[in-house]
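Working notes, structure below.
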Amino acid sequence: MSSPLDLTGPEERPERTEAQAPADSAERPSEHETPSRAPEAPSEPPYSADAGEDDGFDDDDDTEDAGPEVSDEIQRATEALKAAEAEDAQAAAEAGDEAEEPEAVILEPEPEPAANEPELQAPTTTRTGEPAEIDPDEMDPDALKVVLRLHQHGHQAYLVGGCVRDLLLGKKPKDFDVATSAHPGEVRAIFRNCRLIGRRFRLAHVYFKGGKIVEVSTFRANPTELEPAAGAGAEEGQGGEDLLITHDNVFGTAQQDARRRDFTINGLFYDAAEGRVIDYVRGRRDLDERFIRTIGDPEIRMREDPVRILRAVRFAAKLDLDIESRTYAAMEGAVEDLPRCAPARLLEETFRLIRGGVSAPALKLLAALDALKILLPPVDEYLRENGKEGEKTFYAFAQALDKRVSAGEVLDDAILLATLLVPISRAQPPVEESQDEGRASVSRVIEDLLAGFVESARLPRRIAERCRMLLLMQRTLTGERRRKTGAFRRHPLFNEALAVFTMTVEATGEGREALEAWQAGEVPPPRAGANSNGDAEGPRRKRRRRRRRRSGNGSGEGGGSGASSGSDAGEG
C-alpha cells in the first residue's frame, strides 16, 4: 500500500565542513542547509546576576535591586550556555585550521567572452523546432551560465536532481545543481570564481554575486553496480548480505550517475543546450503518476542507505506525493537498520524535516513507520503513553511550528527542537537538580536526548544548552514561577523563549492572557500554586534577609562577626 504522503525532494550533499552533518554516502543534496543554525548572540551585554543566593525575579519591587536578577536554575543554564558557545567556537576554529582550502572572500570577476566566443544563451526551442521542455526564464541564469560554459569547453553538463523535478512540477527550486563529465580540477580551470570542497568526494563551488553558489559535481557511479575488480578494497571481506554503502568516490557516466541516485523523480537531467529532459530512470512517468519510487530494487536501495527512509518521508510531506507500495514496504523493513547510520546524518535529516515547514505530516509518517523510537525516543514514548490525546497535543505543536516556518519566519534550531519538546516537558516533572554541577534541568528524558545528540550526533553544545534554557524559561512565562519582570526581559534569550511560548499558546489555547501581558510589557498574574515546584516564597525571603541593608539596620542579631570591631569601638 502507498503512503498518503508524497516523496519528492532535493538530492543530498556531501559534508561541507566537519562542523556540519556528513554527506549521504550515496547521494548529494540539492538544498543548502546546515545543521544547527544558531543565530548570533544578541548585541546586548552578557547576562549576569549579582543577587548572591537570592532566587530573584520576585514581583515586589526593591529600590536596591538595580542590577538584573536571575533564578538559580536560569543563571546556571546561562553560564552553561556561555561555556558551550566558547567550546563550539574553539572547535570551529580548530576545524577551520584543518580546512583543505580557505574560504573565498574576494572573488575574481567573470571573464569577458572572447571575440569568437558564442553567446551563452539557452535555446527556447529544440532542434526539431518544438518548445523547450522547460522555459529558460524559469531557470537560474547563473546555473545556466555554468552549464553552457562547460558545454563550450567540450564537456557534458546538465541541470540535475531536485531543480529539474521541481520545475516539472511547477514549483520554484530552492537551488540549482549541475552534473558534468568534467573532473573537479577541470571545472576549477574553467571558472576563476570557483573553489573545490569535500574530502571524500571533490565538488566544485562556483560563486556569484550575492553569495550565490552553484554546485558542480562530476558524474559518479554506484559502487554496488561496478565489477568486483573495480570496487574498493574496503568492501572486500564484508558479508554478501551487507549492502550498506560506505563510499561512492568513483567517477562514472551520465547514465551511471542517474542510476546511483535514490528515487526516480530525483534522477532526471535537463540538457539546457538542447532544451530537453534526459530520463534514464523513468522519472517522468512517476512524476506524472505522482509516485515516489526507488531506482532499482527498493529492498536493496533502502539497505544500501537507510537514511533514504527519511529522505522519502521529507519528499512525500513536502511535495504531496504517494510512496509506491514496494518502496513503502522496503522502508518499513529497513527501519531497523537506521542505527547503523551515522548519528550526525540522522540528526541532520531529522532537522531538515522540521525546518521544511512540514514537520507534522513528516513526523506522522515516521511514527507510522515506527522510526521515531530511533530518531526521537522521548517523542515516541510520549505518543505511546498518552494515546490519542497525546498525539493531538503533540501534532498541534508541530502544526504551530509549521505555520511559522511556512510564513517565512527563520527559526533557530534550538527553537525548533524546544517547541517539539514542550509537550514532553509539560508531561514530565523536571529534575530539580542534576548531578552535573548541581545544575537545574528539564525532565530526565529530554536531558538524555540532548546529551545523546551532543555526544554521538555532533549537535553543537550551544544548541543543546539554548534548547534547555528555552524550556526552563517556559515555567516563568506561564506564571509557574514568579520573577522580576524587568530582569527576566533583559535575558538574551527572552524573545526566543517568548516565541516558543507563543506557539505553545497557539497549540493548546492555554495561557493566552499571560502571553498578551508579556507582549504588552506587563506582569502576568502568577498561576495558582506557582510555588509548588521548589520555588516557594519562603526560602527566597530567607535568602533576602542576608542582604546588607537588612543586616546593617539591626543591632543585636544584626551585627555579625564581620562588624564586631566597629560595634566594640562604639560601645567603648
Side-chain angles (χ1 to χ4, degrees), residues 7-11 27-30 113 117-182 186-187 190-191 204 206 214-222 251-296 315 319 321:
L7 293 176
T8 43
E11 280 289 296
E27 299 139 66
R28 197 176 43 77
S30 66
E117 184 176 344
E119 185 179 2
L120 295 177
Q121 184 174 359
T124 58
T125 60
T126 64
R127 290 184 177 180
T128 60
E130 299 175 349
E133 294 190 62
I134 298 177
D135 186 349
D137 292 338
E138 299 294 325
M139 304 177 202
D140 181 86
D142 293 322
L144 278 177
K145 184 183 296 184
V146 171
V147 169
L148 297 175
R149 184 171 295 169
L150 287 167
H151 270 286
Q152 197 177 67
H153 285 76
H155 301 288
Q156 290 178 287
Y158 308 115
L159 296 174
V160 297
C163 64
V164 180
R165 176 203 65 225
D166 290 348
L167 287 170
L168 292 175
L169 287 172
K171 297 181 178 293
K172 184 177 181 180
K174 184 174 182 179
D175 49 21
F176 289 76
D177 290 342
V178 175
T180 179
S181 60
E186 294 173 316
V187 176
I190 294 172
F191 299 96
V206 183
V214 175
E215 185 172 278
V216 182
S217 65
T218 304
F219 297 143
R220 282 185 281 172
N222 189 337
F251 292 138
T253 64
Q255 185 171 2
Q256 288 174 324
D257 191 76
R259 290 190 55 80
R260 74 161 181 90
R261 295 171 184 266
D262 50 6
F263 306 109
T264 60
I265 58 173
N266 292 336
L268 296 170
F269 291 3
Y270 187 71
D271 187 344
E274 296 288 337
R276 64 189 180 94
V277 174
I278 300 176
D279 185 3
Y280 295 113
V281 295
R282 300 186 70 182
R284 290 294 294 270
R285 174 203 63 183
D286 289 333
L287 271 184
D288 293 339
E289 297 178 357
R290 302 193 67 80
F291 271 128
I292 302 294
R293 190 192 311 267
T294 59
I295 298 173
F315 301 155
L319 299 170
L321 303 181

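Positions are given from 1 along the sequence.
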**Prompt:** Are P173 and L167 close enough that some pair of their side-chain heavy atoms sits under 4.5 Å apart?
**Reply:** yes

**Request:** Could you check if a side-chain atom of V178 sits within less than 4.5 angstrom of a side-chain atom of E215, using non-hydrogen atoms only?
**Result:** no

**Prompt:** Hey, does the side chain of D135 reach the backbone of E138 with a donor-acceptor pair shorter than 3.5 angstrom?
**Reply:** no

**Message:** Rounded to the nearest 0.5 Å, what separates atom OG1 in T218 from atom CG in D257?
**Reply:** 9.0 Å

**Message:** Once rounded to the nearest 0.5 Å, what's the spacing between atom OH of Y270 and atom CG of L268?
**Reply:** 12.5 Å

**Request:** Starting at OG1 of T294, measure out to CG of N266 and round the result to the nearest 0.5 Å.
**Result:** 11.5 Å

**Prompt:** R293 versus D286: any side-chain heavy-atom pair under 4.5 Å?
**Reply:** yes

**Prompt:** How many angstroms lie between atom CZ of R290 and atom CD1 of I265, to the nearest 0.5 angstrom?
**Reply:** 9.5 Å

**Prompt:** Would you say the side-chain atoms of Q156 pair up with the backbone N or O of T180, donor to acceptor, closer than 3.5 Å?
**Reply:** no

**Asked** Could you give the distance from NE2 (H155) to NE2 (H151), rounded to the nearest 0.5 Å?
**Response** 11.0 Å

**Message:** Please verify the inter-ring angle class for F263 with F315; under 30° counts as parallel, over 60° as perpendicular, anything in between as tilted.
**Reply:** perpendicular

**Message:** Could you walk me through whether V216 and V206 satisfy the side chain to side chain contact (heavy atoms under 4.5 Å, CB included) test, starting with their C-alpha distance in whole Å, then the side-chain angles of each, then the deciding distance to 0.1 Å, before giving a yes or no?
**Reply:** CA-CA 7 Å; V216 182; V206 183; 4.0 Å; yes

